[in-house]
Trainee: 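Below you will find the structure I want to go over with you.
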Protein chains: 2
Amino acid sequence: MAGRFKPRLAVWPIEPVLKRLRALTSISESDEVLIREAGERREQHGPGEELIVEGQPIRRRRFVVAGWAACQRMLPDGRRQIFRFVLPGDTIGFQDAPHALWSVVALTALETADSESVLAATAEDRAPGLARAIAKGKIHDQQLLLDHMVRLGQQTAFERVAHLLLELQSRLEVVGLGDGRRFPLPLTQEVLADALGLSIVQVNRTLQQLRRERLIELRSGVAILLQPEALSGIADYEPPRLVSGVR
Amino acid sequence: MAGRFKPRLAVWPIEPVLKRLRALTSISESDEVLIREAGERREQHGPGEELIVEGQPIRRRRFVVAGWAACQRMLPDGRRQIFRFVLPGDTIGFQDAPHALWSVVALTALETADSESVLAATAEDRAPGLARAIAKGKIHDQQLLLDHMVRLGQQTAFERVAHLLLELQSRLEVVGLGDGRRFPLPLTQEVLADALGLSIVQVNRTLQQLRRERLIELRSGVAILLQPEALSGIADYEPPRLVSGVR
DNA sequence: CGCTTCTTTGACGAGCCTCAAACTGAGTGG
DNA sequence: CCACTCAGTTTGAGGCTCGTCAAAGAAGCG
């Protein structure tokens, strides 16, 4: 169960990583080769596995190829705050801090690719395009953190849930998972509660309300936004400035 | 009123900046000289002045010498979320993003020093100690952001206020403002409310309660923590890992 | 002294939490 | 194939926290 490194046959295609990088900036043929090579060195993780432990040094940096994880902090009394969901195409451990500022925990079965070789290439200036994409990725991650902070500080339960669903839809669409309305959502209501700063019961009731008002459907790990525009209005959600906003 | 550059006689000493850098890592004589030289190029800002506008490019990066500011985002309906308070010794505009992720607004009269010369020196590898201190500062700022997120997501009004007061006390003590119990707090209750995700009324009632329980005193811009240990227990506050935790 | 801004207080209601229990569905083992 | 278990979801009841509205004090400032 502990995060031992076991290179394995690649089960899932590396495409989500490429799609996210391409969404951030255009990358070259040689950049793509680098990523695909990194994609050969896979690692599998079970749900609940702690890939990064808060306060510990960051061992190996990775791309997420498939599955979901969460950046979180546990409080001594058992409460936890989830800062960010980590989706396919996202990175793990790319912050510059020598010690992790948060834990990263697998929420589902997770498949990652070792990114150290890619990062070495960018550090040695052998892949300027990739370096730019990764830098932009960091900024985008920071944006997501701030968006989440606004949710927690200013929005009602109803708005928070709607806002988060829109964010997840948009992020997943970029990496080719789901379309404009439908996307995988392999989260328990407890996990949603810990992300949104709500109780499980309140998350449940809010989801009921969203269903009752025919704004979403949600069953067996798949979410459908029936009226994305209405949701955007409710949550005051504006799609992210992935390409714009960043040099 | 707009942020025009007017070099002026330095009114406040540059010490807070030096103190914060020294708290982050030991800096050399020549580093100190660089900072003191930057400290000659002062700028004054009135309360309400927007030093950085969200989405705009970052013009001039600065050290805060005296006064308070806030990193914030405004919502279209007039709500705002304050992400972080900017105190003397802190930096403004040091994020790597080409466009600001948040606005920075002066909450009081503010005095800053131009840090571009210092940053040029670190970029050209002429001040490795300073570079390390500044990198650590960024990580520390990120920590503060995460702490604030935990406040917003997991804590009650009472805990949030206590936690924030402890954080401010600790940060101000590092830069030589206030002692272990007493520190300046030039914030209106409205500003506190926008930071803590509470209504003004609730902030007021919470402060009353803290006073009633003889945990704090608060008048004319000065806060006194009467029982810091009790507050730490209430808020589950652990003093920051400024020096530890970071390489 | 009169203005504005900020703080304080009361009354009321809505939102959200807690506790508790029933229900569902997916294994798991007899 | 059928209990049985266990994790997750759903529902109800009740109460506390916190927000809103409103208005009265207090404090700074020209």
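Lettering follows sequence order; numbering is per chain, from 1.
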Trainee: Would one find a side-chain N or O of A:Gln189 under 4.0 angstrom from OP1 or OP2 of D:dA7?
Mentor: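 For D:dA7, OP1/OP2 do not have a side-chain N/O of A:Gln189 under 4.0 Å.
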Trainee: Under 4.0 angstrom, heavy atoms only, what part of the nucleic acid is B:Leu207 near: base, sugar-phosphate, or nothing?
Mentor: nothing
Trainee: Output the single nucleotide from D:dT11, C:dT8, D:dC18 whose closest atom is nearest the side chain of A:Gln208.
Mentor: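 Ranking D:dT11, C:dT8, D:dC18 by closest atom to the A:Gln208 side chain puts D:dT11 first.
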Trainee: Below the 4.0 Å mark, does C:dT8 have OP1 or OP2 next to a side-chain nitrogen or oxygen of B:Arg211?
Mentor: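 For B:Arg211, the contact criterion (side-chain N or O under 4.0 Å from OP1 or OP2 of C:dT8) is met.
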Trainee: Looking at A:Asn204, does any N or O in its side chain come under 4.0 Å of the phosphate oxygens OP1/OP2 on D:dT9?
Mentor: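 Answer no for this pair, as no side-chain N or O of A:Asn204 is under 4.0 Å from OP1 or OP2.
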Trainee: What nucleic acid atoms does B:Gly221 come within less than 4.0 Å of, heavy atoms only: base, sugar-phosphate, or nothing?
Mentor: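 B:Gly221: no heavy atom of the nucleic acid under 4.0 Å.
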Trainee: Heavy atoms under 4.0 Å, any strand shown: does B:Ser199 hit a base, just sugar-phosphate, or nothing?
Mentor: base
Trainee: Just checking B:Ser220: base, sugar-phosphate only, or nothing, at a heavy-atom cut-off of under 4.0 Å?
Mentor: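 The residue B:Ser220 makes no contact with any strand.
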Trainee: Does B:Gln202 make a side-chain N or O approach to OP1 or OP2 of D:dT17 shorter than 4.0 Å?
Mentor: no
Trainee: Does B:Arg205 make a side-chain donor-acceptor contact with the base of D:dG19, cut-off 3.5 Å?
Mentor: no
Trainee: Consider the side chain of A:Ala157, meaning its heavy atoms from C-beta on, and name the nucleotide among C:dC16, D:dC18, C:dC19 that approaches it most closely.
Mentor: C:dC16
Trainee: Under 3.5 Å, is there a donor-acceptor pair linking the side chains of A:Gln154 and B:Arg79?
Mentor: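 A:Gln154 vs B:Arg79: no donor-acceptor pair found between side chains.
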